[in-house]
There are 2 protein chains.
Amino acid sequence: MLDGVTVRPDSVGGGGPDPAAPGRRELNKVRTRAAIVGALRELVAELPAADVTVDQVAERAGVSRRTFFNYFGSIPAVLSAVFADHAAAMIVQLDPEVIGDDPVTALRGLTRTHGIPEDLLGWFVALNRHGADTDATVLLERTVWADLAAWLRERLHDVLPGADPLFVATLASAVMSCFQATEEAWLKDLDVDRPEQLSPADVTRFHDHLDRALGLLADGWRSPSA
Amino acid sequence: MLDGVTVRPDSVGGGGPDPAAPGRRELNKVRTRAAIVGALRELVAELPAADVTVDQVAERAGVSRRTFFNYFGSIPAVLSAVFADHAAAMIVQLDPEVIGDDPVTALRGLTRTHGIPEDLLGWFVALNRHGADTDATVLLERTVWADLAAWLRERLHDVLPGADPLFVATLASAVMSCFQATEEAWLKDLDVDRPEQLSPADVTRFHDHLDRALGLLADGWRSPSA
DNA sequence: GTGCAATTTTGCACACCGTGCAGGTTTACG
DNA sequence: CGTAAACCTGCACGGTGTGCAAAATTGCAC
């Protein structure tokens with residue numbers, strides 16, 4: 001999971017000629033990766049996410065089935081990679097001192113200042129438009145969020161080198177469960193009217209839910225529960 | 001996931017003759033279920049958990065492959081069911097008033113008074129004896145814990161009917177992540193010596209880890225992180 | 001006990017998944 | 001241009017999960 005485009009060890013460490021001139025190899029890899037992601041994005045908008053097969057994605061991306069598996073280990077892995085890219089853009093600003101002695105509040109601040117990309121919200125809508133709470137669909141999303149929790153755990157481990165493993169593991173999982181629950185609550189409010197285009201109010205609602213969820217985390221679920 | 005033995009709607013509500021006399025049907029189902037669980041338990045002790053196939057389990061359980069899938073949707077689903085049984089025994093004592101306005105502390109208390117069944121710890125050891133942190137094995141466990149989080153969420157939803165969905169969802173996920181992280185930390189200490197039989201000290205260590213993890217949850221991860 | 005209906009098991013077929021492998025194609029570089 | 005490395009592709013294989021229909025088993029009434 002969350003393996004980028006690493007078809008082979010590649011020319012890493014070989015001291016490539018110029019990082020500003022990527023070369024055909026790198027370009028093709030980026031293009032292929034984008035084609036796969038784009039193909040999945042289209043298909044997910046057309047039919048229930050759980051019904052999308054690797055063959056369909058590969059064909060629409062103009063790539064062999066085998067090549068798909070060279071880039072991603074599965075369809076959930078594609079989603080995890082896309083989501084992780086967005087998450088990575090958000091937490092580049094994570095230093096040990098930013099985290100300080102209250103990581104939850106720090107992460108909460110990040111989500112407020114950074115903003116949630118509309119692209120991400122578009123994925124959420126697409127993934128749940130056809131047959132939202134099918135068993136298979138809910139399982140797919142569960143896999144993705146679990147994947148992201150593992151990813152965040154690695155990131156936290158990088159930022160807090162000597163930290164207690166229990167601390168890092170539980171925190172990462174809890175934070176991601178906030179996103180997961182937020183997505184669900186957000187979608188539940190959304191399917192009443194079903195606007196094709198997301199309004200700024202929709203984005204705000206997502207932020208509100210997320211902030212509330214992270215608030216529960218911050219005070220140990222002692223808020224009014226009902 | 002977590003579907004019990006519900007091959008068909010069965011004679012539920014039909015007002016069977018006597019709930020104390022299960023009849024051959026029910027008895028056979030219970031036996032078959034136990035045979036499947038037992039077969040998996042044996043196989044997991046013999047080879048890496050990720051290498052166990054449905055065919056192997058079915059054959060050892062003396063049952064056809066198709067019948068396995070009548071009882072469980074997958075191998076992770078078997079584990080989820082077993083673990084959920086143990087968890088259910090622990091939280092039968094959950095009333096709304098026991099939970100009160102501090103659910104984390106309430107659950108923490110339950111884990112202290114109830115005790116962790118050694119059977120469960122035995123599963124943990126078996127699942128990780130051969131090739132603990134293989135990709136496939138870690139994925140298997142991840143699936144099981146995510147499954148259990150969904151299960152706990154349902155239980156919390158039953159106990160706290162009017163509660164905020166965000167509250168229930170994030171709490172369930174966070175609590176289960178404590179168990180997951182505890183298992184991992186506990187195993188890491190264990191594989192130094194590798195006793196075949198678990199000592200009481202091992203059980204105590206599990207409790208200590210778990211209590212510490214739930215403590216992090218209770219105070220919003222503001223404890224010393226390093 | 002005999003027969004019938006409901007339930008359960010089983011075998012089979014099918015689409016799909018993920019991976020190793022070998023051969024062909026493209027790219028990098030001298 | 002030529003070579004070596006990196007990459008794409010087709011193929012085959014074992015495994016998964018599900019629908020379906022034919023047995024086999026059980027419950028129940030007579």
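Chain letters run A, B, ... following the sequence lines, proteins first, then strands; residues in each count from 1.
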Would you find more than 12 non-hydrogen atoms of other residues, nucleotides or ligands less than 6.0 Å from [X] atom [atom1]?
X      : atom1 : answer
A/H114 : NE2   : yes
B/E42  : CD    : yes
A/H207 : NE2   : yes

If you check the [X] side chain, which of [options] turns out closest?
X     : options                : value
B/T67 : C/dT10, C/dG18, D/dT16 : C/dT10
B/R24 : C/dC17, D/dT26, C/dA28 : D/dT26
B/N70 : D/dC8, D/dG17, C/dT9   : C/dT9

Assign each of A/N28 and B/I75 the nucleotide of DNA chain D bearing its closest heavy atom; nearer the 5' end lies the nucleotide of A/N28
Expressed in angstrom and rounded to an integer, what is the separation of [X] atom [atom1] from [N] atom [atom2]?
X      : N      : atom1 : atom2 : result
B/D135 : C/dT19 : CG    : P     : 9 Å
A/D51  : D/dG17 : CG    : C1'   : 14 Å
B/R33  : C/dT9  : CZ    : P     : 14 Å
B/R31  : D/dT25 : CZ    : C1'   : 13 Å
A/E26  : D/dC8  : CD    : C1'   : 16 Å
A/K29  : D/dA5  : NZ    : C1'   : 12 Å
A/F69  : C/dC21 : CZ    : P     : 17 Å

Point to revise | Check: A/R25 side chain, C/dT26 base, donor-acceptor under 3.5 Å | key: yes
Discussion item. Is there, by distance only and without an angle test, a donor paired with an acceptor across the side chain of B/R66 and the base of C/dT9 below 3.5 Å?
Written reply: no
Quiz item: Under 4.0 Å between a side-chain N/O of B/Y71 and OP1 or OP2 of C/dT8, yes or no?
Solution: no
Please tell me if the side chains of B/L121 and B/D202 come closer than 4.5 Å, counting only heavy atoms from C-beta onward.
-> no
Quiz prompt | pair B/P76-B/D147: side-chain heavy atoms closer than 4.5 Å | solution = no
For B/F167 and B/P103 the tightest heavy-atom approach is CZ-CG, 3.7 Å
Checklist line | Short side-chain donor-acceptor distance under 3.5 Å, A/D51 and A/H130 | finding: no
What residues 53-65 of chain A contributes to the DNA chain C interface at heavy-atom separation below 4.0 Å is A/T53, A/V54, A/D55, A/R65
